[in-house]
Amino acid sequence: MRVGTPATGDFGQRLRLLRTAAGLSQEALSDAAGVSVRALADMERGRTRGPQRGTVRALAEALDLDEEGAADLEKSAAAGRPRPRTAAGPPSHVALALPRDIPDFTARGPALARLLELVRGPRPGLPGVTVVAGQPGLGKTAFAVHAAHLLAPDFPDGRFALDLHGMEPEPVTVRDALARLLAAVGVADATIPAGTDDRAGLWRSLTADRRLLLLLDNAADEDQVRPLLPGTGPSWALVTSRQSLAGLESVHRSDLALLRREESVELLAQIVGQGRVAAEAQAARDLADLCGHLPLAVRIAGQRLLSRPHERLAKLVVRLAAEGRRLDGLRAGSLGVRAAFALSYRQLPPASQLFLRRASLAAGGDFGPETGALLTGLSYEEAVVRAEELTDAGLLQSDAVEERYRFHDLLKLYAAEQLAAEDVPGARDAALDRTARWMVRRATAAALHFDADHLGNTPPGDPDPASAPVGREEARAWLEAERAQWVAALGRALDIGLYREVLDAAEAMHWFSDLNQHWEQWVEVFRCSSAAARLLGGGREEAVHLNYLAWAYNMCVHDPRAALRTADAALAAARACEDGLQEGWALGYGAGALQRMGRSEEAHGRLREAARCLASVDCAHARLAELTILNTLGTLLRQTGRAEEALGIHRRAERICRAGVPGRPDELIGLYLAFVLQQLGNDLAALGRGAEAEPPLRHALTAFEAAHMPVWAASARLDLGHVLKALGHSETRQTLLAAREALAALSSPRREEAAAALAALDRASDVS
């Protein structure tokens with residue numbers, strides 16, 4: 001069909017006349033051409049003066065134009081398309097030129113390699129967009145700029161950088177950003193559409209066939225950056241933001257981590273010089289640690305030192321080691337870590353600012369929403385929302401598996417500064433007190449799941465029964481995850497006079513502590529409880545908790561001198577109140593300390609006295625204590641060359657276990673039997689009866705593993721390894737290797753023994 005062609009060269013008027021001549025409504029032409037009604041209306045009104053060739057071709061086919069008519073329509077569309085500016089004036093994109101590269105850029109090798117491979121490789125239908133997001137100071141912009149310079153030859157049609165000022169009170173609007181980008185690719189100011197949507201459509205059409213590299217720095221959010229992104233053409237956008245921009249669809253992500261220690265030192269050397277760093281190698285490493293391996297902080301430290309060429313690195317280390325002055329020290333000219341953090345902090349809503357400040361009060365390396373809710377007075381659900389918001393803003397880091405969060409060290413210092421500046425002391429104290437009361441009650445109830453007197457019962461006293469751990473496994477998981485919080489809560493509770501609550505919590509922990517001897521925090525737990533008992537004036541309770549503390553010094557931190565002092569104090573308190581059970585325990589703990597100090601004869605005497613004392617006390621607690629003392633006595637006898645006597649002592653302990661202890665569950669007595677069998681196996685091994693020693697040691701190892709007692713399991717595995725070696729067993733190397741790794745992870749004094757056994761085994765293999 002040949003339709004009469006209007007003489008006008010205006011595309012919009014020509015299109016409208018062609019449509020009416022064909023008897024088509026806008027809706028009908030829209031359906032036939034696959035062009036939206038809105039876009040069609042904009043063309044006819046002259047708001048879109050030069051649609052792309054594909055659109056014109058679709059319209060011509062829908063209008064049933066012949067070749068001449070289609071060519072005329074295309075000619076009128078081409079007349080309205082943007083033209084690059086002439087060379088008479090300066091190129092419009094100069095204002096959007098890439099920032100200069102950083103000469104001393106270092107590290108980030110793997111991340112850069114992945115990005116270059118991604119950009120230069122095949123694209124499986126995804127748009128060319130990489131988001132570089134993360135916390136303040138990670139070097140996101142430096143990374144993106146460096147990557148852009150490396151990629152520049154791959155994008156001959158233009159490389160543009162646009163700072164979106166996402167952290168400022170008034171970020172760049174989408175409309176203004178599009179105007180600057182359109183001008184950069186040569187669109188004359190007079191032909192840039194007025195509306196944001198029209199500008200976005202024109203930008204997409206112009207980038208569809210060009211190879212442009214676009215650096216969009218410091219994006220505020222998804223809505224700001226989404227209209228600026230290229231489609232599926234050959235262009236590529238690098239987007240940096242402190243926000244996660246998780247809502248951007250189908251983009252690639254380049255997650256930057258903190259620098260490794262050696263990378264931090266290398267960056268420092270790039271700034272101040274290799275010789276200066278080499279002259280103070282340890283100070284350089286310490287400085288990197290104090291900067292938290294945050295690139296911005298390391299750079300600031302380096303710039304500060306560069307401006308003071310005669311100042312030693314060690315001097316800055318001393319200054320930064322004082323936490324209260326660290327953020328002050330990390331400032332050089334206009335660069336400052338505090339200022340970088342403040343930009344993000346000011347963008348937060350008040351509730352999230354409060355959450356960030358109060359979360360700095362959390363103990364340990366990480367915390368859960370539960371702690372955040374207690375410190376802020378928010379509900380659990382609201383605490384999760386705020387924590388996730390702060391994670392998206394790069395101010396908290398989330399755990400990969402659990403719903404837990406952590407600060408970068410310097411960000412925690414900044415949050416603590418804001419807490420001191422913005423929260424009245426009364427509010428801070430109230431938050432800590434509220435958290436301490438709740439945590440102590442929850443920890444007490446959770447620990448009672450392991451108490452021999454509460455087995456099988458639901459422990460009372462949890463502050464929120466609806467969320468309380470159910471059963472031993474959930475209780476164990478909570479106590480482990482929140483260990484730093486409830487230990488700190490005990491100290492706070494002691495400070496504010498909650499002595500009975502502290503004692504009850506520590507008493508509840510007694511059985512649980514045996515399962516986790518590798519926790520050094522038991523010293524702090526029982527230090528608090530023994531202090532609380534003394535302040536309450538309870539002689540027997542003071543003896544009990546001093547005994548617990550002596551155990552912790554002996555078994556958890558391996559400090560026999562402190563253990564002996566504490567055991568002697570417990571012994572005096574027990575004798576003052578005539579408590580035979582606590583007297584026996586105190587004698588036993590003192591003996592253990594003496595033995596570790598090499599004073600075996602004194603230890604032997606105390607153990608004999610402890611065994612006599614406990615045998616005269618008629619109660620289940622005394623029988624369990626007697627088992628422990630007999631085990632220790634037999635071990636000492638064997639270690640002093642009296643293995644036959646040791647075997648007799650341990651056989652006596654075995655008979656007590658086999659007979660059972662009234663009022664105590666079989667599960668508990670089974671563990672005591674495992675302790676005894678381990679020592680029986682060692683006695684038999686010392687007597688050269690290795691074949692008889694193997695079964696009891698295997699039984700003990702299995703029992704300790706089933707009870708989740710890593711310290712005891714690792715020790716039993718080493719003992720079994722010694723026996724297997726003597727028997728020439730094929731499992732020897734595997735057993736000793738596993739024992740060495742477990743003991744090393746637990747910082748056990750026996751780790752050297754395991755290493756020596758393995759080395760001896762290897763030497764024997766080499767000889768053979």
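The basis for the numbers below is simple: all heavy atoms, side chains too, and nothing from hydrogens, waters or symmetry mates.
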| Verdict with supporting geometry, Glu311 and Lys315, salt bridge (Lys or Arg N to Asp or Glu O under 4.0 Å) | CA-CA 7 Å; Glu311 187 171 294; Lys315 178 181 177 181; 3.7 Å; yes

| task | Take His252 and Trp236 through the test ring pair (Phe, Tyr, Trp, His ring centres under 6.0 Å) and record every step on the way to the result. | result | CA-CA 11 Å; His252 308 280; Trp236 199 280; 5.6 Å; yes

| task | Begin from the C-alpha positions of Glu117 and Arg114 and carry the test salt bridge (Lys or Arg N to Asp or Glu O under 4.0 Å) through to its verdict. | result | CA-CA 5 Å; Glu117 181 181 3; Arg114 285 192 297 270; over 6 Å; no

| task | List the steps and the verdict of side-chain contact (heavy atoms from CB on, under 4.5 Å) for Phe160 and Leu215. | result | CA-CA 6 Å; Phe160 309 121; Leu215 170 55; over 6 Å; no

| query | Going through the checks in order, is the side-chain contact (heavy atoms from CB on, under 4.5 Å) test met by Leu238 and Leu216? | reply | CA-CA 6 Å; Leu238 300 174; Leu216 299 173; over 6 Å; no

| Does the side chain to side chain donor-acceptor pair (under 3.5 Å) test come out yes or no for Trp486 and Gln521, once each step is laid out? | CA-CA 10 Å; Trp486 58 257; Gln521 287 92 337; over 6 Å; no

| request: Take Val440 and Leu498, measure what side-chain contact (heavy atoms from CB on, under 4.5 Å) needs, and give me the verdict at the end. | output: CA-CA 10 Å; Val440 168; Leu498 302 178; over 6 Å; no

| task | Begin with the C-alpha distance, continue with both residues' side-chain angles, and end with the deciding distance and a verdict on side-chain contact (heavy atoms from CB on, under 4.5 Å) for Leu162 and Asp217. | result | CA-CA 6 Å; Leu162 179 59; Asp217 191 28; over 6 Å; no

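Using a cut-off of 4.0 Å between Lys/Arg side-chain N and Asp/Glu carboxylate O, Asp154 and Arg120 are scored as salt-bridged. With respect to Asp328 and Arg319, no salt bridge is recorded, no charged nitrogen being found less than 4.0 Å from a carboxylate O. By the 4.0 Å N-to-carboxylate-O rule, Arg441 lies too far from Glu501 to be salt-bridged with it. Salt-bridge annotation for Asp423 and Arg358: present, with a side-chain N of the basic residue lying under 4.0 Å from a carboxylate O of the acidic one. The pair Glu263-Arg260 counts as a salt bridge, with a side-chain nitrogen and a carboxylate oxygen less than 4.0 angstrom apart. Salt-bridge formation is not detected for the pair Glu280/Arg276: no Lys NZ or Arg NE/NH1/NH2 atom is positioned less than 4.0 Å from an Asp or Glu carboxylate oxygen. Salt bridge absent: Glu480 and Arg483 never bring a charged side-chain N and a carboxylate O closer than 4.0 Å. In summary, Arg285 and Glu262 do not engage in a salt bridge, as defined by a charged side-chain N under 4.0 Å from a carboxylate O. A salt bridge links Glu482 with Arg404: at least one charged nitrogen is closer than 4.0 Å to a carboxylate oxygen.
Of the possible polar contacts, none joining the Thr371 side chain to the Phe367 backbone as a donor-acceptor pair under 3.5 Å is found. In terms of modelled atom types and a separation under 3.5 Å, the side chain of Ser235 and the main chain of Leu212 share a donor-acceptor contact. Panel note: side chain Thr435, backbone Ala431; a donor-acceptor pair is recorded below 3.5 Å. Judged by distance alone, with hydrogens and angles left aside, the side-chain atoms of Gln485 form a donor-acceptor pair with the main-chain N or O of Asp366 at under 3.5 Å. With hydrogens and angles ignored, the 3.5 Å screen pairs no side-chain donor or acceptor of Lys140 with any backbone N or O of Ser241. With Arg751 contributing its side chain and Ser748 its backbone, the two residues share a donor-acceptor pair below 3.5 Å. The backbone N or O of Pro103 lies less than 3.5 Å from no partner atom in the side chain of His146, so there is not a single donor-acceptor pair. At distances below 3.5 Å, not a single donor-acceptor pair connects side-chain atoms of Ser529 with backbone N or O atoms of Val502. Side chain of Arg357 to main chain of Ala415: no donor-acceptor pair is present (N/O by atom type, distance under 3.5 Å, no hydrogens or angles).
Taking CZ from Arg492 and CG from Leu432, the interatomic distance works out to 4.5 Å, rounded to the nearest 0.5 Å. Atom CD of Gln517 and atom NE2 of His558 lie 9.0 Å apart (nearest 0.5 Å). Arg108 contributes atom CZ, which lies 13.0 Å from atom CG of Leu115 (distance to the nearest 0.5 angstrom). Summarising the geometry, atom CG belonging to Leu164 is positioned 10.0 Å from atom OG1 belonging to Thr173; distances are rounded to the nearest 0.5 Å. Summarising the geometry, atom CE belonging to Met509 is positioned 10.0 Å from atom CG belonging to Asn516; distances are rounded to the nearest 0.5 Å. Taken to the nearest 0.5 Å, the CG atom of Leu378 stands 6.5 Å off from the CG atom of Leu354.
Nearest heavy atoms, Gly247 versus Arg226: O-NH2, 3.3 Å. Of all heavy-atom pairs between Leu348 and Ala393, the closest is CD2-CB, 4.3 Å. Closest non-hydrogen pair, His449 versus Gly471, comes out as CE1-N, 3.5 Å. When every heavy atom of Pro469 is checked against every heavy atom of Trp478, the shortest pair comes out as CG-CB, 3.9 Å. Scanning all heavy atoms of the two residues, the minimum distance from Leu229 to Ala237 falls at CD2-CB, 4.1 Å. Considering all non-hydrogen atoms of both residues, Cys291 and Leu330 come closest at SG-CD2, 3.9 Å.
Trp519 is linked by a ring-ring contact (aromatic ring centres under 6.0 Å, His included) to Phe512, Trp522, counting only residues two or more places apart in sequence or in another chain. In terms of the ring-ring contact (aromatic ring centres under 6.0 Å, His included) criterion, residue partners of Phe341 (sequence neighbours excluded) are, by chain and number, Tyr414.
Using a 4.5 Å cut-off on side-chain heavy atoms (C-beta onward), Gln397 and Tyr405 make no contact. With contacts defined as side-chain heavy-atom distances shorter than 4.5 Å, the pair Val132/Phe143 qualifies. Annotation: side chain of Leu395 is not in contact with side chain of Phe407 (no heavy-atom distance under 4.5 Å). Contact check for Leu258 versus Leu138: side-chain heavy atoms found under the 4.5 Å cut-off. Side chains of Arg299 and Ile271 form a contact here, defined as non-hydrogen atoms less than 4.5 Å apart. The side-chain heavy atoms of His293 and Arg261, taken from C-beta on, include a pair separated by under 4.5 Å. A heavy-atom distance below 4.5 Å is found between the side chains of Gln224 and Pro171. Val298 is not listed as a side-chain neighbour of Val265, based on a closest heavy-atom distance of 4.5 Å or more.
Defined by atom type and a distance below 3.5 Å, a donor-acceptor pair is missing between the side-chain atoms of Arg242 and Gln135. With 3.5 Å as the limit, one finds a donor-acceptor pair spanning the side chains of Ser467 and Arg442.
In the displayed structure, Gln282 atom CD is contacted under 6.0 Å by more than 12 heavy atoms of other residues, nucleotides or ligands.
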